[in-house]
Amino acid sequence: MGRPSKALLDRERIAATALDLVDAEGDFSVPKIARRLGVQTASVYHHVEGRAGIVELLRVRIAEDIDASTLELRPWDLALEAWARSYRAAFAAHPRAIPLLTTSQIAAPEVLAQYEQGVATLLEAGFALESVMPVITAMENIVLGSALDLAAPEIMWQPNPDGSTPLLAQALAAVPGPGRADQAFEIALTAFLDHVRALVPTATA
């Protein structure tokens with residue numbers, strides 16, 4: 001019997017299968033990945049370094065959808081805003097992967113390269129070295145929280161039927177149409193950028 005023209009198993013297939021499982025079930029296991037791919041569990045381990053290796057494959061797969069070219073925009077605040085929006089869109093497509101990725105250290109060179117570029121953009125703009133990572137981390141907090149919010153129900157609050165929460169009911173009724181998560185993200189991102197601009201007097205927008 002001849003050898004297949006295409007490998008039955010590689011890191012790309014493992015990543016795609018793991019992401020499908022996470023999107024559907026919120027997690028993955030190596031045996032489940034193996035079953036879906038029609039191979040032995042041990043075969044998967046020949047391509048990745050256990051569960052942690054698969055988590056990094058997931059990170060790389062999602063990060064591929066973040067437009068790193070946004071960090072080449074100038075001025076710096078335009079770059080940071082565009083990066084945040086692209087980052088949010090990439091993770092909003094896979095919100096159930098967020099808990100897996102935020103609880104493990106980032107090690108994938110492809111992903112670290114994007115952070116390197118982000119650091120360079122902020123340093124070029126005049127940010128103090130010690131403020132760079134807090135700024136990037138704060139941006140990620142907003143982005144990932146909003147990506148999770150996009151997966152939540154449009155109306156997250158159910159006022160008490162006995163009328164004991166009338167102000168909440170009025171506030172909910174006053175929300176201008178659908179898009180609660182998008183509206184909240186715009187407020188958070190605008191406030192974040194305004195604050196960060198004020199941190200660096202030498203950085204001009």
Side-chain angles (χ1 to χ4, degrees), residues 1-73 79-121 132-133 136-153 181-182 185 189:
M1 184 174 179
R3 300 181 69 179
S5 59
K6 193 170 186 179
L8 293 176
L9 189 63
D10 56 31
R11 290 166 65 86
E12 183 177 342
R13 285 185 176 80
I14 292 170
T17 303
L19 189 55
D20 285 345
L21 284 168
V22 171
D23 286 343
E25 303 175 10
D27 204 351
F28 70 88
S29 71
V30 179
K32 282 187 176 181
I33 291 172
R35 283 196 296 273
R36 285 206 174 192
L37 291 172
V39 300
Q40 297 296 316
T41 300
S43 298
V44 177
Y45 286 115
H46 287 314
H47 295 269
V48 295
E49 295 181 1
R51 181 179 174 85
I54 296 174
V55 169
E56 279 305 282
L57 289 181
L58 290 174
R59 194 189 307 280
V60 170
R61 173 64 190 83
I62 295 173
E64 288 173 351
D65 292 331
I66 302 174
D67 184 2
S69 70
T70 55
L71 290 167
E72 299 172 5
L73 298 172
L80 196 60
E81 178 181 356
W83 190 35
R85 293 185 184 282
S86 181
Y87 197 135
R88 177 183 182 243
F91 277 90
H94 307 283
R96 302 184 82 174
I98 293 174
L100 291 174
L101 300 182
T102 55
T103 53
S104 65
Q105 190 175 51
I106 301 170
E110 305 96 318
V111 180
L112 291 173
Q114 195 166 139
Y115 285 95
E116 180 75 6
Q117 191 174 359
V119 170
T121 297
V132 168
M133 291 315 298
I136 290 176
T137 303
M139 184 208 76
E140 287 190 315
N141 289 345
I142 294 169
V143 164
L144 295 176
S146 182
L148 284 171
D149 196 20
L150 282 169
D182 288 332
F185 175 68
L189 184 61

Looking at CZ of Arg88 and CG of Leu144, how far apart are the two atoms once the value is rounded to the nearest 0.5 Å?
-> 11.0 Å
If you take all heavy atoms of Pro99 and Pro95, which pair is closest and at what distance?
-> CD-O, 3.7 Å
Kindly compute the distance separating CD (Glu49) from CG (Leu57), expressed to the nearest 0.5 Å.
-> 10.0 Å
Give, for atom CD1 of Ile33 and atom NE2 of His47, the distance between the pair rounded to the nearest 0.5 Å.
-> 12.0 Å
Do you know the tightest heavy-atom contact between Ile136 and Gly118?
-> CD1-C, 4.3 Å
Could you walk me through whether Arg85 and Thr70 pass the side-chain hydrogen bond (donor to acceptor under 3.5 Å, both in side chains) check?
-> CA-CA 10 Å; Arg85 293 185 184 282; Thr70 55; over 6 Å; no
Would the number of heavy atoms belonging to other residues, nucleotides or ligands and lying under 6.0 Å from CD of Glu116 be above 12?
-> no
So how far is it from Glu56 CD to Gln105 CD, rounded to the nearest 0.5 Å?
-> 8.5 Å
Value rounded to 0.5 Å, distance of CD1 in Ile66 from CD in Glu64 = 10.5 Å
Taking all heavy atoms of Trp83 and all of Asp67, pick out the closest pair and write down the distance.
-> CD1-O, 4.4 Å
Is there a donor-acceptor pair closer than 3.5 Å between any side-chain N or O of Glu110 and the backbone N or O of Val60?
-> no
Using distance only, find each side-chain donor-acceptor pair of residues 16-28 under 3.5 Å and give its atom names and separation, not counting sequence neighbours.
residue : atom : partner : partner atom : Å
Thr17   : OG1  : Arg13   : O            : 2.8
Asp23   : OD1  : His94   : ND1          : 3.1
Asp23   : OD2  : His94   : ND1          : 2.9
Glu25   : OE1  : Lys32   : NZ           : 2.7
Asp27   : OD1  : Arg51   : NH1          : 3.4
Asp27   : OD1  : Arg51   : NH2          : 2.7
Asp27   : OD2  : Arg51   : NH2          : 3.4

Indicate the atoms forming the closest heavy-atom contact of Ser146 with Ala181, along with that distance.
-> OG-O, 4.1 Å
Tyr87 OH to Leu80 CG distance, which is reported to the nearest 0.5 Å = 12.0 Å
Is there a donor-acceptor pair under 3.5 Å between the side chain of Arg59 and the backbone N or O of Leu101?
-> yes
Say whether, by atom type as modelled, one donor and one acceptor occur between the side chain of Thr121 and the main chain of Gln117 under 3.5 angstrom.
-> yes
Are Leu148 and Phe91 close enough, and set up right, to give a side chain to side chain contact (heavy atoms under 4.5 Å, CB included), and what steps lead you there?
-> CA-CA 8 Å; Leu148 284 171; Phe91 277 90; over 6 Å; no
Taking side chain as C-beta onward, heavy atoms only, is Arg61 less than 4.5 Å from Leu58?
-> no
Show me the donor-acceptor pairs within less than 3.5 Å that the side chains of residues 35-44 make with the rest of the protein, sequence neighbours left out.
none

